[in-house]
Amino acid sequence: MKILVGLSGGVDSAIAAYLLKEAGHDVTCAFMRNWDSLTNNDILGNPTLDEAICTQEQDYEDAKIVAQQLGLPLERVDYIQEYWDNVFQTFLDEYEKGRTPNPDILCNKYIKFDAFFKYAQDNGFDYLATGHYARVEHSEHSSKLLRAKDRNKDQSYFLCQISQKALQKTLFPLGELTKPQVREIAEKLNIQVAHKKDSTGICFIGERNFRQFLSNYLPAKNGKIINLENKEVIGDHKGVLYYTLGQRKGLDISAHRGPWFVVGKDIYKNELYVVKGEDNPWLFNTSCNVTDLNWFNPIDFNQTIKCTAKFRYRQPDQDVYLRKIDNKTIRVSFPQGIKAVVPGQEAVFYVGDVCLGGGIIDVIYKEDVDVRKLVEDKLK
RNA sequence: UGGGGUAUAGCCAAGCGGUAAGGCACCAGACUUUGACUCUGGCAUUUCCCUGGUUCGAAUCCAGGUACCCCAG
């Protein structure tokens, strides 16, 4: 089969490509470039800007060496415009609304498994493959996304928004392997990047001082930090948009004994609301509405569905109940209470190893009352 | 200007003659393809408001200052 592999310059995609080649496929590699720091004005909080070779170019160099070592052709594709329009614009819009988006899920949805997928289709490839840790089970008319065998590295969470259509033509060669096994294979092959550190941070943008990075696009606007429980002003924030619910660090509240955690914000009054103590009841929610749903396979919502969910990457599985609200919204209930379920973040649903799909957390509730209303009432 | 009390890190705070606990904040690292959370480590030795004194030894006891607080005027 003719397969296009997204080669990032890291170990994972290198070994993914290697395994496909070993299996006898006709493999072509492609390096994606989706972010240009200079044209995107990504100046503040960008540590690689003054480095001799920015990490992105280094990654490309690594990818070239890997392709060469594997004896595979390497193409280079650019989706800078698409990334900006579909991923980054949404990312900024969400932050502007005071929410906390997950750009990497958008990146998979719009870039890797849409724009790049189409590229593969248009160029006569049978399948697209990446180095993600996840499994896909193909059958005649539909495919299933499954958790990776390596439960520690499982990345199905980030793949929850890709289309069934793309999934059907996708392979994840690392799905049955663990990360240590992948590194071992790379070592045996003497792959250049066998010991390269796992990448973290926003995909294609990398690690940044996040507040500074955001301030390139969303200017700082100082304001008050208020103790929600007694309405006392206890500090100053650097811009309400820069903080996320559940956040502890960076509040710089030193005059009052903490620890303090963010439980709410008002983007119009430009106020941040905090409470004290890591077990504070304000930190726990019991349900949320989820929109922008993507299901890999049809779900029968005639009855309440019991399944598990993750509200952020690497969160242990949470028991939840799903109920349909309307065609675009479901209510997710978790009476046991879960900490810091954050609007804008992704809720991803599983039954056993099968990833059902996911959606964006829209409104959070405590005992079926909108938390924003609870905060508002508390401040009266 | 009568009486009483308190001064220890950015904030809070233990210590009561034997060589400066702890928490918050902050910083660093780990973890991590979002943002967070979490974990580990660092963080007063020209040191305990200042100056003297007692003592082998003082943040601790004594004397005198200084600052702030409270009560009564």
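Every chain is numbered from 1, with letters handed out A, B, ... down the list of sequences. All values below come from the heavy atoms of this structure, side chains included, with hydrogens, waters and symmetry mates left out.
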Practice task
Go through the structure and list residues passing side-chain hydrogen bond (donor to acceptor under 3.5 Å, both in side chains) with T130(A), not counting sequence neighbours.
Solution key: H132(A)
Practice task
Apply side-chain hydrogen bond (donor to acceptor under 3.5 Å, both in side chains) to D62(A) and list each qualifying residue two or more places apart in sequence or on a separate chain.
Solution key: Q58(A), K196(A)
Completion exercise
With syn meaning chi within 90° of zero and anything else anti, the base of rC37(B) is syn
Given the [atom1] atoms of [N] and [M], what is the spacing between them in whole Å?
N: rC27(B); M: rU47(B); atom1: P; value: 27 Å
N: rC24(B); M: rU66(B); atom1: C1'; value: 30 Å
N: rG4(B); M: rC43(B); atom1: P; value: 42 Å
N: rG15(B); M: rA7(B); atom1: C1'; value: 15 Å
N: rA36(B); M: rC26(B); atom1: P; value: 13 Å
N: rA21(B); M: rA63(B); atom1: C1'; value: 31 Å
N: rC12(B); M: rU8(B); atom1: C1'; value: 11 Å
N: rA28(B); M: rC48(B); atom1: P; value: 30 Å

Problem - Ring geometry between F88(A) and W84(A) (parallel below 30°, tilted from 30 to 60°, perpendicular above 60°) - result: tilted
Quick one: [X] [atom1] to [N] [atom2], roughly how many Å, whole number?
X: I225(A); N: rA25(B); atom1: CD1; atom2: C1'; value: 12 Å
X: I361(A); N: rA36(B); atom1: CD1; atom2: C1'; value: 12 Å
X: R99(A); N: rA36(B); atom1: CZ; atom2: P; value: 17 Å
X: K310(A); N: rC37(B); atom1: NZ; atom2: C1'; value: 15 Å
X: I234(A); N: rC24(B); atom1: CD1; atom2: P; value: 15 Å

Check residues 18-26 of chain A and write down every donor-acceptor pair under 3.5 Å in which the side-chain atom is one partner and the other belongs to a residue at least two apart or another chain.
from   : atom 1 : to     : atom 2 : distance (Å)
K21(A) : NZ     : L70(A) : O      : 2.8
H25(A) : ND1    : M1(A)  : N      : 3.4

Taking only distance into account, with no hydrogens and no angle test, what donor-acceptor pairs under 3.5 Å do side-chain atoms of residues 330-344 of chain A form with protein atoms, sequence neighbours excluded?
from    : atom 1 : to      : atom 2 : distance (Å)
R331(A) : NE     : N289(A) : OD1    : 2.6
R331(A) : NH1    : D368(A) : OD1    : 2.8
Q336(A) : NE2    : D319(A) : O      : 2.9
K339(A) : NZ     : E278(A) : O      : 2.8

Problem - Selected nucleotide, minimal atom distance to S254(A) side chain, candidates rG22(B), rA25(B), rC37(B) - result: rA25(B)
Exercise for the section: Ignoring hydrogens and angles, tell me if any N or O in the side chain of T178(A) forms a donor-acceptor pair with the backbone of D150(A) under 3.5 Å. Expected result: no
Problem - Sorted by number, the residues of residues 269-278 of chain A with heavy-atom contact under 4.0 Å to RNA chain B - result: E278(A)
Practice task
Could you tell me whether E184(A) and K188(A) have a side-chain N and a carboxylate O separated by less than 4.0 Å?
Solution key: yes
Quick one: side-chain contact (heavy atoms from CB on, under 4.5 Å) partners of [X], sequence neighbours excluded?
X: D252(A); answer: none
X: R314(A); answer: N152(A)
X: R135(A); answer: L146(A), E176(A), D353(A)
X: R257(A); answer: none

Problem - Watson-Crick and G-U pairing of RNA chain B written in dot-bracket, each distance under 3.5 angstrom, with | for inter-strand partners - result: .(((((((.[[[..)..(...]]].(((((.......)))))......[[[[[..)....]]]]]))))))..
Exercise for the section: May I have all residue pairs that pass ring pair (Phe, Tyr, Trp, His ring centres under 6.0 Å) and include part of residues 268-302 of chain A, sequence neighbours excluded? Expected result: W295(A)-F301(A), W295(A)-F349(A)
Handout entry: Under 4.0 Å protein heavy-atom contact, by nucleotide of nucleotides 26-35 of chain B - B base, S sugar-phosphate only
Key = S----SBBBB
